[in-house]
Amino acid sequence: MSPLIDSTVPLLVQGYAWAPDLRRRHGDPPAVRTRLMGRPALLLHGPAAVEFFYDERHVLRDGALPGPVLDTLFGRGAVHTLDGERHRVRKALFVNLLMRDGSVDGLTALVRRHWTDAVDGWQGRGAVLFDEAATVLARAVCDWTGLAVPEDAAREIAEDCVAMVDGFATPGPRHWRARRARARQEESLARTVEELRGGVTRLHQALPTGAGDTALEAVARHRDADGRLLDPRTAAVELLNVIRPCVAVAWLAAFAAHALHRRPRLADALRADDGAYARAFAHEVRRFYPFVPFVGGLAARDLRFGGQAVPEGTLVLLDVYGHHHDPGLWPDPYRFDPERFLGREPGPGTLIPQGGGDARTGHRCPGEDITVGLLAEFASALAGLDTDVPEQDLRIPLHRIPTRPRSGFTVSVPSRQRSHHAPRFQSQA
Ligand code: HEM
């Protein structure tokens, strides 16, 4: 395809297959020129590209994300859109909250508790694992964030967060649902921040683990690089940048269930596990299944990469899905095999489902340890469940961004099933 042809329609039609297909048609180079949403773009691929992309002298974020993505997925003024000192100061807020000692364990313990309650409620009926996981995650992260929300509000937060992620990359009804969900949650959380600043504690509870400021307190008191408090709407945006991605771990939980269904022997390894296998399994779920298609920014100045000129302002995309299925990087990439990661953590620039570079200073996801911890917990819990998997549509369509098993992964639970069949959740509760 000529680089002058705009790729927006092919991206919408092909979804996750777009970037690998574009590269293949050009002979799999490290950089391919194209156009997206009417602007010149360069698609980068490979470990050297990860290093190039995460050097902030090369790629900036201000102005890179289209309005429809901000109005659904991330929010206006989000940390994702900041550069330089403004980014460093805002990022420290997230690093201090999400990467401090006890965060992974605290949140995991809450998820375990809510999951055990949820499983107890499935007796004699079916459950859609994706929906159940989203609700459990919303309850846990609301507790952890310091938001005392009633049961039905937690369910609504789960549905809204799912809608925000589900509708960010697509025109039509899913997109409008995502916009409405974001508007509703931003408005509600902005009010909560104002109430907390005004001394109202009705909606606010202490962090259950007792470890430092809650996310709500930290965001409400955070001062940006200019020394000012965040305006309530931006504070709400950043609170949602903790809550929404935690709920999004439901996508990975559904993929974990799918992997266990396809390869039941992996459940034996998880059941016999001391934690190392579950972690390796979590890494493999994040590598194998399609979630983030690519990440993007703008060239900070005139540059070169992979033999291509990159004029200042070019939209630079880093291929994520294709990276994880490149046979040059991953032997037999379409084989789901947690052993790839058993006893070894991924090296820099190899596993990038949540970005690359340094999470403390660059744009890499600060919630990666939390994600791996939660997903490992879900994997162990799912391996311990004694459920039936009825006939259903488990296809994962690649043209849909984001995708998931079509059915959401339905299980049926015989009435005899007790949650003590989920040994890890029970024994550690
Ligand atoms: C569901 C699994 C998750 C995936 C696939 C994921 C993926 C990503 C990706 C691809 C980025 C952007 C990297 C870039 O722009 O270069 C990112 C950034 C971010 N993520 Fe995650 N994430 C996940 C979970 C989480 C969790 C659980 C949290 C918080 C509890 C979180 C909070 C954030 C924040 C605040 C940023 C912005 C970082 C910045 O711009 O400096 N994410 N994530």
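Both ligands and their constituent atoms are indexed starting at 1 by order of listing. Keep in mind that the numbers below use all heavy atoms, side chains included, and drop hydrogens, waters and symmetry copies. Not measured: the values here are computed from a predicted model.
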Sub-4.0 Å atoms of ligand 1 with respect to non-hydrogen atoms of [X]:
X: Y54; result: 13 (C), 14 (C), 16 (O)
X: P353; result: 5 (C), 7 (C), 10 (C)
X: F291; result: 1 (C), 5 (C)
X: F94; result: 35 (C)
X: G362; result: 41 (O)
X: R61; result: 14 (C), 15 (O), 16 (O)

All pairs passing ring pair (Phe, Tyr, Trp, His ring centres under 6.0 Å) where residues 340-366 contributes a residue, at least two apart: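 Pairs touching residues 340-366 that pass the test: H87-H363, H283-F341, W330-F341.
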Output all residues satisfying side chain to side chain contact (heavy atoms under 4.5 Å, CB included) with E56, sequence neighbours left out; order by chain, then residue number.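 Once residues adjacent in sequence are excluded, the partners of E56 under the side chain to side chain contact (heavy atoms under 4.5 Å, CB included) criterion are R88.
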Do me a favour and list the nearest non-hydrogen protein atom to [atom] with residue, atom name and distance?
atom: atom 29 (C) of ligand 1; answer: L98 CD1, 3.6 Å
atom: atom 13 (C) of ligand 1; answer: H363 O, 3.3 Å
atom: atom 37 (C) of ligand 1; answer: H80 NE2, 3.3 Å

Do R24 and D21 meet the salt-bridge criterion of a basic N to acidic O distance under 4.0 Å?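 Salt bridge between D21 and R24, a charged N being under 4.0 Å from a carboxylate O: yes.
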Taking only Lys NZ, Arg NE, NH1 and NH2, and the carboxylate oxygens of Asp or Glu, determine whether R191 and E194 approach each other closer than 4.0 Å.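 Looking at E194 together with R191, the answer is no, because their closest N to O distance does not fall below 4.0 Å.
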Could you tell me whether a side-chain N or O of [X] sits under 3.5 Å from a main-chain N or O of [Y], the two making a donor and an acceptor?
X: T403; Y: P397; answer: yes
X: R23; Y: P29; answer: yes
X: R404; Y: W251; answer: no

Please determine whether any non-hydrogen atom of G297 lies less than 4.0 Å from an atom of ligand 1.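 It does not; every heavy atom stays at 4.0 Å or beyond.
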May I ask whether W251 places a heavy atom under 4.0 Å from ligand 1?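 Contact check W251 vs ligand 1: negative.
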Contact between E132 and V128 at the side-chain level, heavy atoms closer than 4.5 Å - yes or no?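 When only atoms from C-beta onward are counted, V128 and E132 do not touch, as no gap falls below 4.5 Å.
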Would you mind finding which of N241, L374, T361 brings a heavy atom closest to atom 32 (C) of ligand 1?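 Looking at heavy atoms only, N241 sits closest to atom 32 (C) of ligand 1.
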Which option, V295, L375, L97, V242, owns the non-hydrogen atom nearest atom 10 (C) of ligand 1?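 Nearest option to atom 10 (C) of ligand 1, by heavy atoms: V295.
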Before you tell me yes or no, could you show the steps for D166 and R400 under salt bridge (Lys or Arg N to Asp or Glu O under 4.0 Å), namely the whole-Å CA-CA distance, both residues' side-chain angles and the distance that decides it to 0.1 Å? CA-CA 9 Å; D166 194 51; R400 190 190 201 279; 2.8 Å; yes
So, do [X] and [Y] have ring centers that fall under 6.0 Å from each other?
X: H58; Y: F305; answer: no
X: F378; Y: W115; answer: yes
X: F130; Y: F255; answer: no

Less than 3.5 Å apart, which donor and acceptor atoms pair up between the side chains of residues 233-244 and the rest of the protein, not counting sequence neighbours?
{"residue": "R233", "atom": "NE", "partner": "E186", "partner atom": "OE1", "Å": "2.8"}
{"residue": "R233", "atom": "NH2", "partner": "E186", "partner atom": "OE1", "Å": "3.3"}
{"residue": "T234", "atom": "OG1", "partner": "D231", "partner atom": "OD1", "Å": "3.2"}
{"residue": "T234", "atom": "OG1", "partner": "D231", "partner atom": "OD2", "Å": "2.6"}
{"residue": "E238", "atom": "OE1", "partner": "N241", "partner atom": "ND2", "Å": "2.8"}
{"residue": "E238", "atom": "OE2", "partner": "V79", "partner atom": "N", "Å": "2.8"}
{"residue": "E238", "atom": "OE2", "partner": "R90", "partner atom": "NH1", "Å": "2.6"}
{"residue": "N241", "atom": "OD1", "partner": "R244", "partner atom": "NH1", "Å": "2.7"}
{"residue": "N241", "atom": "OD1", "partner": "R244", "partner atom": "NH2", "Å": "3.3"}
{"residue": "N241", "atom": "ND2", "partner": "F74", "partner atom": "O", "Å": "3.3"}
{"residue": "N241", "atom": "ND2", "partner": "V237", "partner atom": "O", "Å": "3.3"}
{"residue": "R244", "atom": "NE", "partner": "L73", "partner atom": "O", "Å": "3.3"}
{"residue": "R244", "atom": "NH1", "partner": "L73", "partner atom": "O", "Å": "2.8"}

Counting only heavy atoms, which portion of A78 has something under 4.0 Å from ligand 1: side chain, backbone, both, or neither?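 No part of A78 comes within reach of ligand 1.
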So, regarding H87 and ligand 1 (criterion: nitrogen or oxygen to nitrogen or oxygen, under 3.5 Å), is there a contact or not?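 The answer is yes, given that H87 and ligand 1 share an N or O pair closer than 3.5 Å.
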Would you say R364 has any N or O atom under 3.5 Å from an N or O of ligand 1, going by distance alone?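 No.
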Output, by chain and residue number, all protein N/O/S atoms separated from atom 21 (Fe) of ligand 1 by less than 2.8 Å.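 Result, waters dropped: C365 SG.
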Pick one: which of H45, H324, H325 meets side chain to side chain donor-acceptor pair (under 3.5 Å) with D319?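 It is H45, the one option of H45, H324, H325 that forms the side chain to side chain donor-acceptor pair (under 3.5 Å) with D319.
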